[in-house]
Amino acid sequence: MRDQALAQLRAYLQHFPDEAARLEALGAQLEQDPSDPLWRGNLRGHVTTSAFVLDATGRRLLMIRHRLIGRWLQPGGHCEGDAGLWQSACREVAEETGLEALSPHPAWGPELPLDIDTHAIAANPAKGEGAHWHHDYAYLMRASAERPLQAQLAEVSAAAWVDLQSLAEEGGQGEPRWPRLLAKLAALGLKAG
C-alpha cells in the first residue's frame, strides 16, 4: 500500500497545496524509507487510517472516546493487512463503533482522503513502543444514525454522534485538526448548523 499512500498524498496536495510543508516528512518517508510505512513497528512513522462519518443530515459526526488518551476523536487506527487505505478506515469504524453500513460521502469520493494529518505519538512502555509519528489518512463517509452503536470497550469507552455545530463552537475540542476539517466540510457545503 506504499504506492497507494504516495499516490493519494500527491493527489491530496493537488487539492490542498498549502499543506505541502506540513506533510513534507510524510512524503520523504514514503519516497525514501525502505522500511514499510504501514508497519506499526516503524518508529520513524507509520500510516494510519480514520474516518469522518457524517449522518444522513450531514450535521452530526460519528466520534469515539479513546480509552487510552481520554479524548473524543474520529474512529481510526492502524492498517492491518487491509486491501487498501479506504478499506482500512472502514474496518476501523466497524471495529470501534459496530457500524458497518458505510458509504462514500457524495461530496468527496473514497479515492482520496479529506484530510491527512501527521502527529506525534508519545512512547508507551506498557506496549513496548517508543515515541513515533502517525500519518493519518482520514476519509469522508456517510452512514445512518439510526443504526445502534456498540463501542469496542478494549480501546473505546464510548461511541456517539456529535453535532457539528457544537464542535465548531468549541473550536474542535482543542484538537488542532478540527478547525482545518470544519473548514474543508464548509467548503464542500457541509457546514455546521
Side-chain angles (χ1 to χ4, degrees), residues 5 8 12 16 19 22-23 26 38 40 45-55 58-80 82 85-102 104-105 108 110 112-124 126-127 129 131-143 145 147-186 188 190 192:
Q8 288 190 11
Y12 176 85
F16 306 109
E19 297 183 33
R22 188 177 59 73
L23 297 171
L26 169 60
L38 285 89
R40 79 185 291 161
H46 47 269
V47 172
T48 60
T49 60
S50 65
F52 299 120
V53 182
L54 292 173
D55 71 354
R59 294 198 169 127
R60 293 189 299 168
L61 185 69
L62 181 62
M63 304 277 283
I64 54 103
R65 183 153 179 85
H66 196 282
R67 186 174 293 283
L68 182 63
I69 61 176
R71 293 193 318 241
W72 286 94
L73 303 168
Q74 75 278 7
H78 293 93
C79 300
E80 298 173 3
D82 300 289
L85 298 173
W86 165 267
Q87 292 82 359
S88 174
C90 290
R91 179 188 48 75
E92 285 292 335
V93 172
E95 283 181 5
E96 294 184 347
T97 71
L99 193 60
E100 294 181 354
L102 301 163
H105 197 285
W108 193 264
L112 189 65
L114 180 63
D115 194 62
I116 300 176
D117 189 62
T118 294
H119 51 273
I121 302 296
N124 186 342
K127 287 186 173 182
E129 293 178 347
H132 58 282
W133 294 88
H134 277 182
H135 307 295
D136 188 54
Y137 284 55
Y139 297 86
L140 184 60
M141 301 182 185
R142 185 166 63 174
R147 297 185 183 267
L149 300 176
Q150 185 173 353
Q152 175 197 43
L153 296 178
E155 295 180 19
V156 174
S157 61
W161 291 98
V162 176
D163 187 67
L164 278 178
Q165 182 66 37
S166 66
L167 274 177
E169 289 170 0
E170 296 170 15
Q173 300 180 343
E175 292 292 327
R177 184 179 206 175
W178 291 109
R180 185 173 68 237
L181 168 68
L182 292 169
K184 288 177 180 180
L185 290 175
L188 293 173
L190 302 168

Handout entry: Side chain proximity check, Glu92 to Glu80, heavy atoms < 4.5 angstrom
Key = yes

Exercise for the section: Would you kindly say whether Asp136 and His134 are connected by a side-chain donor-acceptor distance under 3.5 Å? Expected result: no

Practice task
Give a yes or no on whether a salt bridge exists between Arg40 and Glu129, defined as a side-chain N under 4.0 angstrom from a carboxylate O.
Solution key: yes

Handout entry: Gln150 atom CD, neighbour heavy-atom count above 12 within 6.0 Å
Key = no

Problem - Distance in Å, Arg177 CZ paired with Leu73 CG, rounded so as to fall on 0.5 Å steps - result: 9.5 Å

Fill in the blank from the handout: Distance col, row Met141:CE vs Gln74:CD, nearest 0.5 angstrom, shows 11.0 Å

Handout entry: Verdict with reasoning, His66 to Arg71, per side chain to side chain contact (heavy atoms under 4.5 Å, CB included)
Key = CA-CA 6 Å; His66 196 282; Arg71 293 193 318 241; 5.7 Å; no

Problem - Backbone of Ala5 reached by a side-chain donor or acceptor of Tyr137 within 3.5 Å - result: yes

Practice task
Would you please test Leu114 and Leu188 for side chain to side chain contact (heavy atoms under 4.5 Å, CB included) and show each step?
Solution key: CA-CA 10 Å; Leu114 180 63; Leu188 293 173; 3.9 Å; yes

Handout entry: Short side-chain donor-acceptor distance under 3.5 Å, Tyr139 and Gln8
Key = yes

Problem - Proximity of His78 and His46 rings by center, below 6.0 Å - result: yes

Problem - Minimum side-chain heavy-atom gap Tyr12-Asp115 below 4.5 Å - result: yes

Problem - Glu100/Arg147 under side chain to side chain contact (heavy atoms under 4.5 Å, CB included): CA gap, chis, key distance, verdict - result: CA-CA 9 Å; Glu100 294 181 354; Arg147 297 185 183 267; over 6 Å; no

Problem - Side-chain donor/acceptor of Arg22 to backbone N/O of Ile116, under 3.5 Å - result: yes

Fill in the blank from the handout: Separation between CD1 (Ile64) and OG (Ser157), nearest 0.5 Å, reads 8.0 Å

Exercise for the section: Compare all side-chain heavy atoms of Glu19 with those of Arg180 and state whether any distance is below 4.5 angstrom. Expected result: yes

Problem - Heavy-atom check, side chain of His105 versus side chain of Leu54, under 4.5 Å - result: yes

Problem - Val53 side chain reached by Leu140 side chain, heavy atoms, under 4.5 Å - result: no

Handout entry: Donor-acceptor contact present, side-chain Thr49 to main-chain Ala89, <3.5 Å
Key = yes

Exercise for the section: Would you indicate whether the side-chain heavy atoms of Arg59 and Gln165 approach each other to under 4.5 Å? Expected result: no

Practice task
Can you measure from NE2 (His135) to NE2 (His119) and round to the nearest 0.5 angstrom?
Solution key: 9.5 Å

Handout entry: Closest non-hydrogen atom pair between Ala101 and Ala143, with its separation
Key = O-CB, 3.6 Å

Problem - Validation row, ring centre Trp108 to ring centre Phe52 under 6.0 Å - result: no

Handout entry: Leu85 and Cys79, any side-chain heavy atoms less than 4.5 Å apart
Key = yes

Practice task
Could you walk me through whether Leu164 and Leu190 pass side chain to side chain contact (heavy atoms under 4.5 Å, CB included), step by step?
Solution key: CA-CA 9 Å; Leu164 278 178; Leu190 302 168; 5.6 Å; no

Handout entry: Set of residues satisfying side-chain contact (heavy atoms from CB on, under 4.5 Å) with respect to Leu149, sequence neighbours excluded
Key = Leu62, Thr97, Leu99, Ala159, Trp161

Practice task
Report yes if the side chains of Trp86 and Arg91 come closer than 4.5 Å at any heavy-atom pair, otherwise no.
Solution key: no

